[in-house]
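Below, chains carry the letters A, B, ... as their sequence lines are ordered, and counting in each starts from 1.
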Amino acid sequence: MRKLYLELGVYAFLMVCGAIVISEVSQLPEPMPGDLGSDFFPKALAIIMMGFCVIGALSALLSRDNEKIVVGGSKKILVTIGALAAFFGLWSFVGYFFVFAFLFLFGMLTFFATDEKLTTRIVLYNFIGTAFFIGLSYLFFTEVLYTRF
Amino acid sequence: MEILASLEFMSVLSAGLSIFLGLFVGMLFGATPGLGITIAITLLLPLSYSMEPVNAVLMLLAAYQAAEYSGSISAITLGIPGTVMAAPILEDGRALAKTKSPGKALGYSLYASTFGGLFGGVVLILFAQPLAHFALRMGDAEYFLLAVMGLVAVTAFAAKNPIKVAISICMGMIAGSIGLDVFTGIPRLNFDYAELYEGLSLIGLVVGLFAFSEVFYMMAGNMRARYVFEAHDMKISLSLREMKETLKAMTTGSVIGTALGILPGVGSTVAGWLSYSASKSMSKTPEKFGKGSGEGIASPDAANNSVVGGALLPFLTLGIPGTAGIAIIAGAFIIHGIQPGPLLITEKPELINAIFAGFIMTTIGMFIMGKFMSQGFARALVTPNFVLVPGVLILSILGIYAAESRIFDLWLALGIGVFSFALRKLDFSVAGFVLAFVLAPIIETSLRRALLLAAGDWSVFVTRPISLVLVIVMAAMVAYTVFKVLVSRRRASRFDDISEGT
């Protein structure tokens, strides 16, 4: 993707965010006498940010820089984001954090290892390593820090 | 003596263990290219919930100090700086490692880091009280301007596009204003999410900004990269003569590092390069710089570590964090309900003295750990990214949830991680974002209170002597930024014309 388009997209997105901020805080109650009010600070920042976005977009348009942005490993990034979302979702609805944490970690280690030649030995190492780490985490977080997952 | 007496106050054993943990994690993460200081502090922050405030702060400071040093380990042994701050020592460190030994280069680095750390610590101890008393005379207008000056400095001294840094700062401050308005108690920008009533979770935010986005960055690179480390002659030591030869460079670096650490928003990257140039110009053998000069290693490393003590000074005395690292450490104070500032110094001297004593212990601990364990950390560098990435992810998840037991924070971190990955790709500043996030409540509160007390008269920001000086300094920074942009534009257009001509 061209950097210019991505930049313009981000500036447009940020301007929409700025507009949402302004609209949200405009609904806040009137300030007390003498006070700037709860809305002043975020509103002022949103306006300043939108102003900078306009300047940024203009300077991006005027610059002759039209390089291409290549995101290497995009498949890995998307799979990881999907795996994280699935992990959080399953844990929220089903529970059993440490079971899903084990599956997530083992799955990620094995998935990333497919770059190399995936052998039974690597899978076994991943399994043992994951089990050891998750076991240790279970003991530390639940028995030492008393966190309930 | 007060500081020594405070050793009784803190449980020495638990403080020692906290410092050890911080040093270990900081040294490991600082040495590993791609991880670095902020991720080390970020991943340790959730642990601070279950710790005594002093121990939590010392653990994070230890991680900060150790990572400042250990960035040099990979720079010297592999030729890849573990942290951005270690970049100035790269040429001399590598050259000395080849011509003499890696141990000698690491020796210069470790001794200088310790010197710088102690120097910054002594300055912190000596100047905290006077600065706190001075700060008590400052009003809200000055606090507002000082905090804003920190953010202007981030923009002015950033290597990146200032407009993008300014946008990042605005985003950070808007994010910092989410939640209850401290003046009126009215919830703002929470979009009816109960989890946002008290604002964005600091831990979720910093993990998303630094750990998740860094992991995506690592995935975008070469996941199979394995660094080759040749362990030979790793004995880390310096002779008395070598120490004497570098004393001037270490002192120069320490003075520059401490001074720039005190100035909010500048940080160790600038300090490292500036001290390198200063030491080169003051050296009797400037021709050796870049070819394995001990001074070329000692000066930036001393500067990097002295920045920590320097940056703690405005944070502890004024409540204003000057670097992204200190901003995250500020999280530990927030978690424990401690408000840094002049009142903390005057009303809780036992806590401050414990932090001071612990800070010095931290630096000494860093020296001991660095001297005996640097080789081990250097060996850890060969861990490939395909093991590091899942490791960082699972540690991040455990850390975020352990902090406040909210799954919402995990979704938040994931969303912020994806968004900040895109922003980093486009050269926006995540450090500026997090600094602005932490400073936003200070800026808003002091602005509104100053105007309330001045009956809405905005001239309060220029009529008092200190505030006037701050306004002038800020105006100079803005002018410098505009000048820098214009010069770089002109250079770029000249370069384009030449390219088109050829």
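Residue contact with chain A, scored on non-hydrogen atoms closer than 4.5 Å, involves the side chain of B/Leu423 exclusively. Only the side chain of B/Ile407 comes within contact range of chain A, with at least one heavy atom under 4.5 Å from a heavy atom of that chain. Heavy-atom distances place the side chain of B/Leu47, and not its backbone, under 4.5 Å from chain A. In this structure, chain A has a heavy atom under 4.5 Å from the side chain of B/Leu414, while its backbone stays farther away. Residue B/Ala455: no heavy atom, backbone or side chain, is found under 4.5 Å from chain A. With a 4.5 Å cut-off on non-hydrogen atoms, B/Ala440 touches chain A through its backbone and its side chain both. For B/Ile178, no part lies under 4.5 angstrom from a heavy atom of chain A. For chain B, the nearby part of A/Val10 is the side chain; its heavy atoms alone come within less than 4.5 Å. Both the backbone and the side chain of B/Leu452 come within less than 4.5 Å of a heavy atom in chain A.
Side chains of B/Ile163 and A/Ser59 form no contact here, defined as non-hydrogen atoms less than 4.5 Å apart. With contacts defined as side-chain heavy-atom distances shorter than 4.5 Å, the pair A/Phe87/A/Leu103 does not qualify.
Note on ring orientation: taking the six-membered ring where Trp is involved, the planes of B/Phe461 and B/Trp458 are tilted (angle from 30° to 60°).
When each of B/Val389, B/Thr184, B/Leu447, B/Leu398 is checked for heavy-atom pairs under 4.5 Å with chain A, B/Leu398 comes out on top. The candidate with the highest count of non-hydrogen atom pairs below 4.5 Å against chain B, out of A/Gly56, A/Gly72, A/Gly73, is A/Gly72. For the set B/Ile169, B/Val387, B/Leu393, the count of heavy-atom pairs under 4.5 angstrom toward chain A peaks at B/Leu393. By number of non-hydrogen pairs under 4.5 angstrom with chain B, the leading residue of A/Cys53, A/Ala46, A/Ala85, A/Gly18 is A/Ala85. For the set A/Ile81, A/Ile134, A/Ile48, the count of heavy-atom pairs under 4.5 angstrom toward chain B peaks at A/Ile81. Of the residues considered (A/Ile55, A/Asp39, A/Thr80), A/Thr80 shows the highest number of contacts with chain B, using heavy-atom pairs under 4.5 Å.
Within a 6.0 Å radius of CD in B/Glu404, more than 12 heavy atoms belonging to other residues, nucleotides or ligands are found.
Ring pair A/Tyr96/A/Trp91: centre-to-centre distance not below 6.0 Å.
Taking the ring centre of B/Tyr217 as origin, the terminal cationic atom of B/Lys425 falls inside the region bounded by 6.0 Å and 45° from the ring axis.
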